[in-house]
Trainee: 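Quick one: structure below, then a few questions.
Basis for what follows: all heavy atoms, side chains included, without hydrogens, waters or symmetry-related copies.
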Amino acid sequence: MMPETVDLTAWRNVPFQEEYAFTDDAGLAVDFTGYSAALEVRQYGGQPGAAQIALMLVSDGASEGVWFTGEPGAVRVTIFEASLASLPAPPEAGGEVALVYDLVLTDPTGFQAVWMQGAFTLDPGVTV
């Protein structure tokens, strides 16, 4: 399976929350029953050490993490403002921070696959 490339933009001054829909080869919504999830944001692919942001599967949409919403094929990613504020400062005042991420889902048999990946751009925002 080839992961979808989806570039994300988050603003440092507000929480990030987006929902994504996944379908199988037949175009049907994926049943995520029994799956687990992990999403990491890093400065570059393969960066050693701890991720800048590390999200795990959560059981509700109010928590920071990856949530299978209950809608077939739907996955919501939530990153709180405090986590975004902890990311590195931009190289110049008012600049964006260029990072990368991937979303790894593990099926009930233990098989892991990258389902989504891409650039993760942190915009400095304006309102504080």
Trainee: Is it possible for you to say whether Val100 and Val41 belong to one hydrophobic cluster, with membership spreading through side-chain heavy-atom contacts below 4.5 Å?
Mentor: no
Trainee: Applying a strict under-4.5 Å side-chain criterion to I, L, V, M, F, W and Y, I'd like to know whether Phe16 and Phe80 cluster together.
Mentor: no
Trainee: Is it possible for you to say whether Met56 and Ile79 belong to one hydrophobic cluster, with membership spreading through side-chain heavy-atom contacts below 4.5 Å?
Mentor: no
Trainee: If you look only at pairs with a residue in residues 72-89, which of them pass as a salt bridge (Lys or Arg N to Asp or Glu O under 4.0 Å), with sequence neighbours excluded?
Mentor: Glu19-Arg76
Trainee: Output all residues satisfying side-chain hydrogen bond (donor to acceptor under 3.5 Å, both in side chains) with Tyr20, sequence neighbours left out; order by chain, then residue number.
Mentor: Glu18
Trainee: Applying salt bridge (Lys or Arg N to Asp or Glu O under 4.0 Å), which residue pairs with at least one partner in residues 90-118 are found, sequence neighbours left out?
Mentor: none
Trainee: Which residues pass the side-chain contact (heavy atoms from CB on, under 4.5 Å) test with Pro72, not counting sequence neighbours?
Mentor: Ala29
Trainee: Could I get the full list of ring pair (Phe, Tyr, Trp, His ring centres under 6.0 Å) partners for Phe68, not counting sequence neighbours?
Mentor: Phe32
Trainee: Can you give me the closest heavy-atom contact between Pro90 and Gly95, atom names plus distance?
Mentor: CB-O, 3.1 Å
Trainee: Mind checking what makes salt bridge (charged side-chain N to carboxylate O under 4.0 Å, His left out) contact with Arg42, not counting sequence neighbours?
Mentor: Glu40
Trainee: Who passes salt bridge (charged side-chain N to carboxylate O under 4.0 Å, His left out) against Glu71, sequence neighbours left out?
Mentor: none
Trainee: So, using side-chain hydrogen bond (donor to acceptor under 3.5 Å, both in side chains) as the criterion, who are the partners of Asp31 when residues are at least two apart?
Mentor: Thr33
Trainee: What ring-ring contact (aromatic ring centres under 6.0 Å, His included) pairs are there with at least one residue in residues 83-103, not counting sequence neighbours?
Mentor: none
Trainee: Quick one: closest heavy-atom pair of Glu64 and Ser83, and the distance?
Mentor: OE2-OG, 2.8 Å
Trainee: Would you please name every residue forming a side-chain hydrogen bond (donor to acceptor under 3.5 Å, both in side chains) with Ser63, sequence neighbours left out?
Mentor: Asp60
Trainee: Please answer: with hydrophobic residues joined when any side-chain heavy atoms are less than 4.5 Å apart, are Val6 and Leu105 in the same cluster?
Mentor: yes
Trainee: Take Trp115 and Val75, measure what side-chain contact (heavy atoms from CB on, under 4.5 Å) needs, and give me the verdict at the end.
Mentor: CA-CA 11 Å; Trp115 284 63; Val75 175; over 6 Å; no
Trainee: Distance from Gln43 atom CD to Leu87 atom CG, nearest 0.5 Å?
Mentor: 9.0 Å
Trainee: Can Val30 be reached from Leu39 by stepping across I, L, V, M, F, W or Y side chains whose heavy atoms are under 4.5 Å apart?
Mentor: yes
Trainee: So which atom in Thr69 and which in Ala74 form the shortest heavy-atom distance, rounded to 0.1 Å?
Mentor: OG1-CB, 3.1 Å
Trainee: Evaluate the side-chain proximity of Ile53 to Leu84: yes if any heavy-atom separation is below 4.5 Å, no if none is.
Mentor: yes
Trainee: So, using side-chain contact (heavy atoms from CB on, under 4.5 Å) as the criterion, who are the partners of Thr5 when residues are at least two apart?
Mentor: Asp7, Gln117
Trainee: I'd like to check Thr23 versus Leu28 (side-chain heavy atoms, cut-off strictly below 4.5 Å). Are they in contact?
Mentor: no
Trainee: With Val66 as reference, evaluate Val58, Leu103, Thr78 under the side chain to side chain contact (heavy atoms under 4.5 Å, CB included) test and give the passing residue.
Mentor: Leu103
Trainee: Any heavy-atom pair between the side chains of Trp67 and Ser59 that's under 4.5 Å?
Mentor: no
Trainee: Please table the atom pairs, donor to acceptor, closer than 3.5 Å between any side-chain atom in residues 120-128 and protein atoms at least two apart or in another chain.
Mentor:
from, atom 1, to, atom 2, distance (Å)
Asp123, OD1, Trp11, NE1, 3.4
Asp123, OD1, Gly125, N, 2.8

